[in-house]
Amino acid sequence: MIRLWTMRRFGVITVTNSAIITPTAAFPGTLTLPSSTLRNDRVTNSIRFLQSPSLLSCFSSSSSSSSSSAAYLPSLDEFSQPKARDDNQKVILKGMTYGVLQEWVESHGFRPGQALMLWKRLYKDNIWATDFDELEGLNKDFKRMVSEHAELGALSFKDIRSASDGTRKILFTLDDGLVIETVVIPCDRGRTTVCVSSQVGCAMNCQFCYTGRMGLKRNLTAAEIVEQAVYARRLLSREVGSITNVVFMGMGEPFHNIENVIKAANIMVDENGLHFSPRKVTVSTSGLVPQLKRFLRESNCALAVSLNATTDEVRNWIMPINRKYKLSLLLETLREELSSRHKYKVLFEYVMLAGVNDSMDDARRLVELVQGIPCKINLIQFNPHSGSQFIQTDEDKMIKFRNILAEGGCTVLMRFSRGNDQMAACGQLGMLGSVQAPVMRVPEQFRSSLRASV
């Protein structure tokens, strides 16, 4: 069986009959591919073969390290969406905004009021319907029409795994057989959060993130994103209390799937439905600047930016997207976009990596970098995973780092690991396949530090 892996400017192509060729393998001068299209809709329906001279440039007969210096810049093109279900072209209701649902209901000859009744049964009144039998109180003819022309959901529940600290990881199977993960994080202060995924895998290849090692399989639809929050409330509200917050910090880069993310966020904040407060729905990005601008102009939800470094050199290494959108461009964009917004603060996320980005000089640089940007800074404890070259910054050093930020006038939060004994913590979601994203070459000055840390 032939296996194929390809991604724009990724530096990896794999085509073999019996074994996977790793990035350390030497490639011949030319690579001949079969003329017929290689496709497996359940696995590779979103991976495109891209003819680019630079794609093989990091490989030669003398290649000896998977830590290639060739720049990795993930493609920001839209990946293909999953095929629509056949089922006589049934629509998936949880992929519709309320306005679209109302139009759809009226197009079948029913009153707008019935659309509102249906919407509330999907998202409100502790019903969170996933089955047509749960659509109680609807007109019989209307209910029959809905069952004939629509599907209520897009996910199949697979499993729940409970961590020792009360965190829950929910696994869902998609129609194409892929699996995504959603995390529910209880809080003693009554602020339970659901962390939703926006993609299957991720193309950003952040070096400290387990999900990034998967590569990107495909985008999630708006329905697949929304239903994660619906299921979280349906399955766990009695155990953990009201789920009040949503963070788009699960699998994937939300702004790489911005169309569906904005649509899903709009559905989540609708006052007649799930009714999350826009201030309590936070969408995180690694720093895709054009999409960041669009989000700030089209959405009232909160924004988080995964920063994680104070120099381009370090960020180029641990977050390759920085090679396209430098720190200066990212931060200046935020200054400009937020200058006209009232009482809006961006949340900067900063994963602390021992010997890499946790020096006191880093803390002082961070104070300077965020000047003029209304913000909060969230210091995050690194969550180890198999194959990672990083380790956690110890708690005492995190506190010293925080104190420098606070003395510089920054509002600082500290976030420690939740759910890591079930691989449910920040940066731990996903399941690796036989082919993984490449490890970037470690800058010379950090090699001894990493080795000493380990």
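Taking each heavy atom of Val184 and Ala232 in turn, the nearest pair found is CG2-CB, 3.8 Å. Minimum interatomic distance between Arg191 and Cys187 (heavy atoms only, all atoms of both residues): O-CB, 3.6 Å. For Ile258 against Gln291, the heavy-atom pair with the smallest separation is CD1-O, 3.2 Å. Between Asn272 and Lys120, the shortest heavy-atom contact is O-CG, 3.7 Å. Nearest heavy atoms, Pro438 versus Asn205: O-ND2, 3.1 Å.
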From CA spacing to verdict: salt bridge (charged side-chain N to carboxylate O under 4.0 Å, His left out), Asp176, Arg218: CA-CA 11 Å; Asp176 52 11; Arg218 70 165 171 88; 2.6 Å; yes
Evaluation steps, salt bridge (charged side-chain N to carboxylate O under 4.0 Å, His left out), between Glu259 and Arg294: CA-CA 10 Å; Glu259 202 76 43; Arg294 177 181 170 185; 3.0 Å; yes
CA sep, side-chain torsions, deciding dist, call: Thr193, Val246, side chain to side chain contact (heavy atoms under 4.5 Å, CB included): CA-CA 6 Å; Thr193 298; Val246 181; over 6 Å; no
Asp362 vs Asn357, side-chain hydrogen bond (donor to acceptor under 3.5 Å, both in side chains): CA-CA, chis, key distance, verdict: CA-CA 6 Å; Asp362 281 307; Asn357 65 359; over 6 Å; no
Trace of the salt bridge (charged side-chain N to carboxylate O under 4.0 Å, His left out) decision for Asp159 with Arg161: CA-CA 7 Å; Asp159 193 14; Arg161 298 173 185 172; 3.3 Å; yes
Steps toward side chain to side chain contact (heavy atoms under 4.5 Å, CB included) verdict (Val281, Val247): CA-CA 6 Å; Val281 175; Val247 292; over 6 Å; no
Derivation of the side chain to side chain contact (heavy atoms under 4.5 Å, CB included) call for Arg213 and Val439: CA-CA 8 Å; Arg213 293 173 59 197; Val439 176; over 6 Å; no
Chi angles and distances behind the side-chain hydrogen bond (donor to acceptor under 3.5 Å, both in side chains) call for Asn219, Asn260: CA-CA 9 Å; Asn219 285 334; Asn260 290 326; over 6 Å; no
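Between Ile170 and Val183, the closest side-chain pair of non-hydrogen atoms is not below 4.5 Å. Side-chain atoms of Asn245 and Thr192, non-hydrogen and from C-beta on, never get closer than 4.5 Å to each other. Proximity of Leu303 to Cys301: side-chain heavy atoms (C-beta onward) are nowhere separated by under 4.5 Å. Residues Thr97 and Asp270 fail the side-chain proximity criterion, which asks for heavy atoms closer than 4.5 Å. Looking at heavy atoms from C-beta onward, Lys169 lies in side-chain contact with Leu429 at the 4.5 angstrom threshold. Phe248 places a side-chain heavy atom less than 4.5 Å from the side chain of Met268. Residues Leu122 and Lys94 are in side-chain contact: their nearest non-hydrogen atoms beyond the backbone lie under 4.5 Å apart. Side-chain contact between Gln228 and Leu155 is present, with heavy atoms from C-beta onward closer than 4.5 Å.
For the atom pair SG (Cys375) and NZ (Lys345), the distance works out to 7.5 Å, reported to the nearest 0.5 Å. A distance of 12.0 Å separates CD of Glu313 from CG of Leu327, quoted to the nearest 0.5 Å. Distance CG/Leu236 to CZ/Arg233: 12.5 Å, rounded to 0.5 Å. Put simply, CD1 on Ile380 and CE on Met398 are 8.5 Å apart, with the number rounded to the nearest 0.5 Å. Between atom CG of residue Leu118 and atom CG of residue Asn139 there is a gap of 12.0 Å, rounded to the nearest 0.5 Å.
Heavy atoms from other residues, nucleotides or ligands lying under 6.0 Å from CZ of Arg341 number more than 12. In Met145, the CE atom is crowded: over 12 heavy atoms of neighbouring residues, nucleotides or ligands sit closer than 6.0 Å. In the displayed structure, Lys376 atom NZ is contacted under 6.0 Å by at most 12 heavy atoms of other residues, nucleotides or ligands.
For the pair Glu181 (side chain) and Gly250 (backbone), a donor-acceptor distance under 3.5 Å is absent. A donor-acceptor distance shorter than 3.5 angstrom exists from the side chain of Asn257 to the backbone of Ser198, with no hydrogens or angles considered. A donor-acceptor pair under 3.5 Å is formed between the side chain of Thr285 and the backbone N or O of Gly287. With Thr167 contributing its side chain and Ala163 its backbone, the two residues share no donor-acceptor pair below 3.5 Å. Judged purely by atom type and a 3.5 angstrom limit, Ser197 uses its side chain to pair as donor or acceptor with the backbone of Met251. Side-chain N or O atoms of Gln381 include one that pairs as donor or acceptor with a backbone N or O of Ser417 at under 3.5 Å. The backbone N or O of Asp131 sits less than 3.5 Å from a side-chain atom of Glu134, completing a donor-acceptor pair. Gln207 places a side-chain N or O within 3.5 Å of a backbone atom of Met440 that can act as its donor or acceptor partner. Using modelled atom types, no side-chain atom of Ser242 and backbone atom of Thr244 make a donor-acceptor pair closer than 3.5 Å. Formation of a donor-acceptor pair under 3.5 Å by the Arg315 side chain with backbone atoms of Lys326 is not found in this model.
In summary, Glu106 and Arg111 do not engage in a salt bridge, as defined by a charged side-chain N under 4.0 Å from a carboxylate O. We find that Arg168 and Glu239 are joined by a salt bridge, their nearest charged nitrogen and carboxylate oxygen being less than 4.0 Å apart.
The stretch residues 402-420 participates, sequence neighbours left out, in these salt bridge (charged side-chain N to carboxylate O under 4.0 Å, His left out) pairs: Asp165-Arg418.
A cation-pi arrangement is absent between Arg121 and Phe132 under the rule of less than 6.0 angstrom and at most 45 degrees off the ring axis.
Residues that satisfy the salt bridge (charged side-chain N to carboxylate O under 4.0 Å, His left out) test with Glu332, not counting sequence neighbours, are Arg335. Taking the side-chain contact (heavy atoms from CB on, under 4.5 Å) definition, one finds that Val367 meets it with Gln371, Leu405, Cys410, sequence neighbours left out. Scored by the ring-ring contact (aromatic ring centres under 6.0 Å, His included) test, Phe142 finds Phe110 as partners (sequence neighbours excluded). Residues that satisfy the ring-ring contact (aromatic ring centres under 6.0 Å, His included) test with Tyr123, not counting sequence neighbours, are Trp119. Qualifying ring-ring contact (aromatic ring centres under 6.0 Å, His included) partners for Trp317, counting only residues two or more places apart in sequence or in other chains: Phe390, Phe446.
Side-chain polar atoms of Glu349 and Ser284 form a donor-acceptor pair below 3.5 angstrom. Checked by atom type, the side-chain pair Gln422/Ser162 shows no donor-acceptor distance below 3.5 Å.
Relative orientation of the His108 and His149 rings is tilted, given thresholds of 30° and 60° on the angle between their planes.
No close placement of the Phe382 and Phe208 rings is indicated, their centers lying 6.0 Å or farther apart.
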